[in-house]
Amino acid sequence: MKHRMIVAGLAGLAALSLVGCSVGSEVDDATSTGVPDTSDPSASTDASTGTDSGYTLTPKDLDGDGLITVGFAQVGAESGWRTANTDSYKEYFVEENGFKLVFADANQDADKQKQDVRDLISQGVELIDLAPVTDSGWEPVLQEAKDAGIPLIISDRQLSVPEDLYLTYFGGDMRAEGDRVVDWIKSYAADQGITDPINVVHLQGTMGSSAQKGRSEALSVGAPANDWNVVYEQTGEFTQAKGQEVMESFLQQGKDFNVIYSENDDMTYGAIDALVAHGLDPKDYIIASFDGNKSAVQMVVDGTIDVIGECDPLLGPQVGELIKQAAAGETIAKITYSTEGLIDSTNAADKVTTAFGS
Ligand code: AHR
């Protein structure tokens with residue numbers, strides 16, 4: 001049972017010298033996104049049509065080479081999820097599928113990524129797929145793409161921009177992912193008869209990304225609603241190293257906690273390393289993570305991680321299909337969310353066989 005309350009600092013200080021182990025579609029409407037533009041009255045509430053957004057650009061083979069050249073403005077290489085996402089684009093957007101790929105890596109730098117998109121516009125790519133690092137400051141850049149006649153798709157992370165600046169969004173519903181995990185923790189705590197206060201350590205992703213905002217909003221609504229205390233909240237920037245660093249700095253404070261809500265698997269690996277380095281047993285805590293990398297799912301099978309909010313990185317072929325539909329003149333939804341659920345002890349053994357990454 002995972003409800004032991006401990007004074008982390010006391011246990012941790014005694015064990016500081018220990019060496020830590022290293023670990024490792026569905027269409028929806030805009031009202032359930034949890035991203036900032038959901039309150040925008042101009043946002044589509046009928047994703048099955050996507051017809052009234054005022055966006056008329058469609059993908060075309062402009063240079064007549066028989067291929068659509070897609071410029072992909074990628075976030076970086078911060079996580080296992082990101083590697084799987086990049087691989088899925090590089091594998092799918094090839095000549096035999098009717099595409100050419102121009103890849104731009106922003107290295108998690110939101111300013112660089114805006115320049116990356118401007119460079120793709122200058123190069124005259126025939127479509128831009130933008131997976132935005134953060135969600136602010138994009139309107140002028142998207143307007144430039146539109147003025148240049150280049151259709152733009154937003155994938156992975158949503159943006160708070162008017163709908164007439166992009167063709168479609170395809171990717172996760174980050175708020176729904178967070179809500180699922182919060183509900184799971186609530187049910188689990190009730191099933192286990194946990195009567196101690198629920199004290200949550202919250203490791204946040206890249207601040208200002210829709211992945212962070214949606215998952216953080218779910219907890220910021222869910223915690224007070226369930227009388228949980230968030231005892232620590234810090235960004236680990238979606239990386240294992242930073243996740244470990246922030247967990248270590250929390251453990252130094254010696255505060256009680258019994259739940260870790262970590263916004264991706266990589267930070268979860270880092271947090272677990274930090275616990276072990278402090279002589280703590282990760283299995284004594286409720287550990288909630290996001291994504292569903294194979295090693296993380298294996299850790300659910302092993303009982304180290306308790307729940308994972310799935311986030312699908314294998315977007316390349318799904319986005320490719322949408323581009324083909326739009327190029328053929330079909331109406332495509334303004335927002336399409338990936339199919340996602342939860343991974344816990346009830347399904348992890350099945351899920352691990354098909355999980356992405358390593
Ligand atoms: O936007 C998706 C998030 O970005 C994934 O949860 C995380 O692992 C990645 O870095």
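When a ligand or atom number is given, it counts from 1 through the structure's own listing order. Every heavy atom of this structure was used, including side-chain atoms; hydrogens, water molecules and symmetry mates were not. On a predicted model such as this, the values are computed, not experimentally measured, just so you know.
- One finds the NZ atom of Lys242 at 11.5 Å from the CE atom of Met267 (value rounded to the nearest 0.5 Å).
- In this structure, the separation between CG on Leu142 and CG on Leu152 is 4.5 Å, given to the nearest 0.5 Å.
- With rounding to the nearest 0.5 Å, the separation of CG in Leu342 from CG in Asp306 is 12.0 Å.
- Partners of Tyr92 under the ring-ring contact (aromatic ring centres under 6.0 Å, His included) rule, at least two apart in sequence or in another chain, are Phe99.
- For Lys186, the NZ atom is loosely surrounded, since the number of other residues' heavy atoms within 6.0 Å does not exceed 12.
- Partner Ser79 forms a side chain to side chain contact (heavy atoms under 4.5 Å, CB included) with one of Asn85, Thr239, Asp266 and no other, that one being Asp266.
- A heavy-atom cutoff of 4.0 Å around ligand 1 is satisfied by the protein residues Glu78, Ser79, Trp81, Arg82, Asp156, Arg157, Met174, Ala211, Arg215, Phe238, Asn264, Asp291.
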